[in-house]
Amino acid sequence: MDLLTMKNELSVKSKNGTSFLLSGVIIWGIITILFLQSFEINTKNIFALYSTGLMFPLSVIISKIMKVDWKAKSNPLGNLGLILNLAQLVYFPLIFWAFFSNPNDVLVFFAIITSAHFFPYGWLYNTKVFYILSPIMVLLIFFIGLILNGEYLWVIPLSMLISLVFLNLFLLINYKKKVSISSGLTKDFNF
């Protein structure tokens, strides 16, 4: 099996990772609700980081509901998705630095790191959707963070939630296109 075939097969089996991204929609929804509360900023930041602990269990549950093979053990690239996901943890010291130096910026750092880590999935799943939306999400959060200047911070997780909904929609369109291609209806795999 050649590399392109492995990437396309992984894309279809895992539905472009949408079960994890839908879990992200839920997490960022929780974070939005947290930041609408009147807690002190450090408490909000701590709860936001704790809420990410729901990511993996939610992803597994959503994978079962969607009938997604998120492990893709039969595909040699199957473990690469997990490695790319864990790679974002290397950047978490930036979040902790912000936590101690300027707590109002924690969410901006977290949202930018999350958005940026989607970029290499464009290669893994052979889709331009990640290549296009990841930088757009990064720039969106960056500019929102500048404009908000530490106020109305709930706008940041709400923006992430909305961005993830669009990312999921475009990835599901891409997935359906690839399924129709594998049925022999069209020739172009790279959306």
Participant: Output side-chain donor-acceptor pairs under 3.5 Å for residues 107-115, partner residues at least two apart or in another chain, one line each.
Facilitator:
residue: T114; atom: OG1; partner: F110; partner atom: O; Å: 2.8
residue: S115; atom: OG; partner: A111; partner atom: O; Å: 2.9

Participant: For the CG atom of L94 and the CZ atom of F92, what is their distance to the nearest 0.5 Å?
Facilitator: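 L94 CG to F92 CZ: 10.5 Å, rounded to 0.5 Å.
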Participant: Taking ring pair (Phe, Tyr, Trp, His ring centres under 6.0 Å) as the test, write out the residues that go with F118, two or more places apart.
Facilitator: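 Counting only residues at least two positions away or on another chain, F118 forms no ring pair (Phe, Tyr, Trp, His ring centres under 6.0 Å).
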Participant: Measure the shortest side-chain to side-chain distance between F119 and Y131 over non-hydrogen atoms and say whether it is less than 4.5 angstrom.
Facilitator: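 Yes, close enough: below the 4.5 Å cut-off.
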Participant: Holding to side-chain hydrogen bond (donor to acceptor under 3.5 Å, both in side chains), I want the full list of residues that pass it with K176, two or more places apart in sequence or in another chain.
Facilitator: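 So K176 forms no side-chain hydrogen bond (donor to acceptor under 3.5 Å, both in side chains) with any residue.
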Participant: Working to the nearest 0.5 Å, report the span between CZ of F39 and CG of L34.
Facilitator: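 Separation between the atoms: 6.5 Å.
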Participant: Are V25 and M66 linked, directly or through intermediate hydrophobic residues, by side-chain heavy-atom contacts shorter than 4.5 Å (ILVMFWY only)?
Facilitator: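 Yes, same cluster.
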Participant: Can any side-chain N or O of K73 pair as donor or acceptor with the backbone N or O of G78 at less than 3.5 Å?
Facilitator: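 No.
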Participant: Of the non-hydrogen atoms in F96 and F100, which two are nearest, and what is the gap between them?
Facilitator: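 Closest heavy-atom pair between F96 and F100: O-CD1, 3.0 Å.
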Participant: Carefully, step by step, assess N75 and D69 under the rule side chain to side chain contact (heavy atoms under 4.5 Å, CB included).
Facilitator: CA-CA 11 Å; N75 190 309; D69 181 10; over 6 Å; no
Participant: Kindly give the cluster partners of I65, where membership spreads through any ILVMFWY side chain lying under 4.5 Å from a current member.
Facilitator: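 The other cluster members (ILVMFWY side chains, heavy atoms under 4.5 Å, direct or chained) are I61.
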Participant: Name all residues meeting the ring pair (Phe, Tyr, Trp, His ring centres under 6.0 Å) criterion together with F99; count only those two or more places apart in sequence or in a different chain, and write none if there are none.
Facilitator: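 F99: no ring pair (Phe, Tyr, Trp, His ring centres under 6.0 Å) contacts found.
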Participant: For residues I33 and W28: do they belong to one hydrophobic cluster (side chain heavy atoms under 4.5 Å, members Ile, Leu, Val, Met, Phe, Trp, Tyr)?
Facilitator: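 Result: no, two separate clusters.
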Participant: Between L10 and A72, what is the shortest heavy-atom contact and its length?
Facilitator: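 Of all heavy-atom pairs spanning L10 and A72, the closest is CD1-CB, 3.4 Å.
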Participant: Considering residues at least two apart in sequence or located in another chain, which fulfil the side-chain hydrogen bond (donor to acceptor under 3.5 Å, both in side chains) criterion with N42?
Facilitator: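 Expected list: E40.
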Participant: Give, for atom NZ of K67 and atom OG of S19, the distance between the pair rounded to the nearest 0.5 Å.
Facilitator: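 If I round to the nearest 0.5 Å, the distance is 13.5 Å.
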Participant: Residues two or more places apart in sequence or in another chain: which of them pass side-chain hydrogen bond (donor to acceptor under 3.5 Å, both in side chains) with S101?
Facilitator: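 Once residues adjacent in sequence are excluded, S101 has no partner under the side-chain hydrogen bond (donor to acceptor under 3.5 Å, both in side chains) criterion.
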Participant: Under 3.5 Å, sequence neighbours excluded: what are the donor-acceptor pairs made by side chains of residues 143-172?
Facilitator:
residue: S159; atom: OG; partner: V155; partner atom: O; Å: 2.7
residue: S163; atom: OG; partner: S159; partner atom: O; Å: 2.8
residue: N168; atom: ND2; partner: L164; partner atom: O; Å: 2.9

Participant: Side-chain heavy atoms under 4.5 angstrom apart, residues restricted to Ile, Leu, Val, Met, Phe, Trp, Tyr: same cluster for V138 and I136?
Facilitator: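 Same cluster.
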Participant: Restricting to pairs with a member in residues 78-87, which pass side-chain hydrogen bond (donor to acceptor under 3.5 Å, both in side chains), not counting sequence neighbours?
Facilitator: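 Residue pairs with at least one partner in residues 78-87: N85-Q88, N85-H117.
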Participant: Please answer: with hydrophobic residues joined when any side-chain heavy atoms are less than 4.5 Å apart, are V90 and Y121 in the same cluster?
Facilitator: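 Unlinked, V90 and Y121 end up in two clusters.
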Participant: So does L4 get a backbone contact from the side chain of N8, meaning a donor-acceptor N/O pair under 3.5 Å?
Facilitator: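 A pair under 3.5 Å: yes.
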Participant: Counting C-beta onward and ignoring hydrogens, is there a side-chain heavy-atom pair between N174 and S11 closer than 4.5 Å?
Facilitator: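 Yes, close enough: below the 4.5 Å cut-off.
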Participant: Please report, to 0.1 Å, the donor-acceptor pairs under 3.5 Å made by any side chain of residues 49-56, with sequence neighbours excluded.
Facilitator:
residue: S51; atom: OG; partner: A48; partner atom: O; Å: 2.6
residue: T52; atom: OG1; partner: L49; partner atom: O; Å: 2.5

Participant: Enter the distance from I41:CD1 to I46:CD1 here, rounded to the nearest 0.5 Å.
Facilitator: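 Going from CD1 on I41 over to CD1 on I46, the span is 10.5 Å.
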Participant: Among all residues two or more places apart in sequence or in another chain, which pass the side-chain hydrogen bond (donor to acceptor under 3.5 Å, both in side chains) test with N104?
Facilitator: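 With sequence neighbours excluded, N104 shows a side-chain hydrogen bond (donor to acceptor under 3.5 Å, both in side chains) to no residue whatsoever.
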Participant: Strictly by modelled atom types, are S74 and K13 linked by a side-chain donor-acceptor pair under 3.5 Å?
Facilitator: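 There is such a pair between these side chains.
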Participant: State yes or no: do I27 and L89 share one hydrophobic cluster built from I, L, V, M, F, W and Y residues joined by side-chain heavy-atom distances below 4.5 Å, directly or via other members?
Facilitator: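 In one cluster: yes.
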Participant: Would you mind reporting whether W70 and T18 have side-chain heavy atoms less than 4.5 Å apart?
Facilitator: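 No, side chains not in contact.
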Participant: Can you check side chain to side chain contact (heavy atoms under 4.5 Å, CB included) on Q37 and T43, steps first, answer last?
Facilitator: CA-CA 10 Å; Q37 305 308 309; T43 304; over 6 Å; no
Participant: Supply the atom-to-atom distance I95 CD1 to D105 CG, rounded to the nearest 0.5 angstrom.
Facilitator: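 Atom-to-atom, I95:CD1 and D105:CG are 12.0 Å apart.
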Participant: Going by side-chain contact (heavy atoms from CB on, under 4.5 Å), name the residues that satisfy it together with Y175, two or more places apart in sequence or in a different chain.
Facilitator: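 side-chain contact (heavy atoms from CB on, under 4.5 Å) list for Y175, sorted by chain: V12, K15, N16, V179.
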Participant: Nearest 0.5 Å, what's the CD1-CG distance between I31 and N45?
Facilitator: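 It is 9.5 Å, given to the nearest 0.5 Å.
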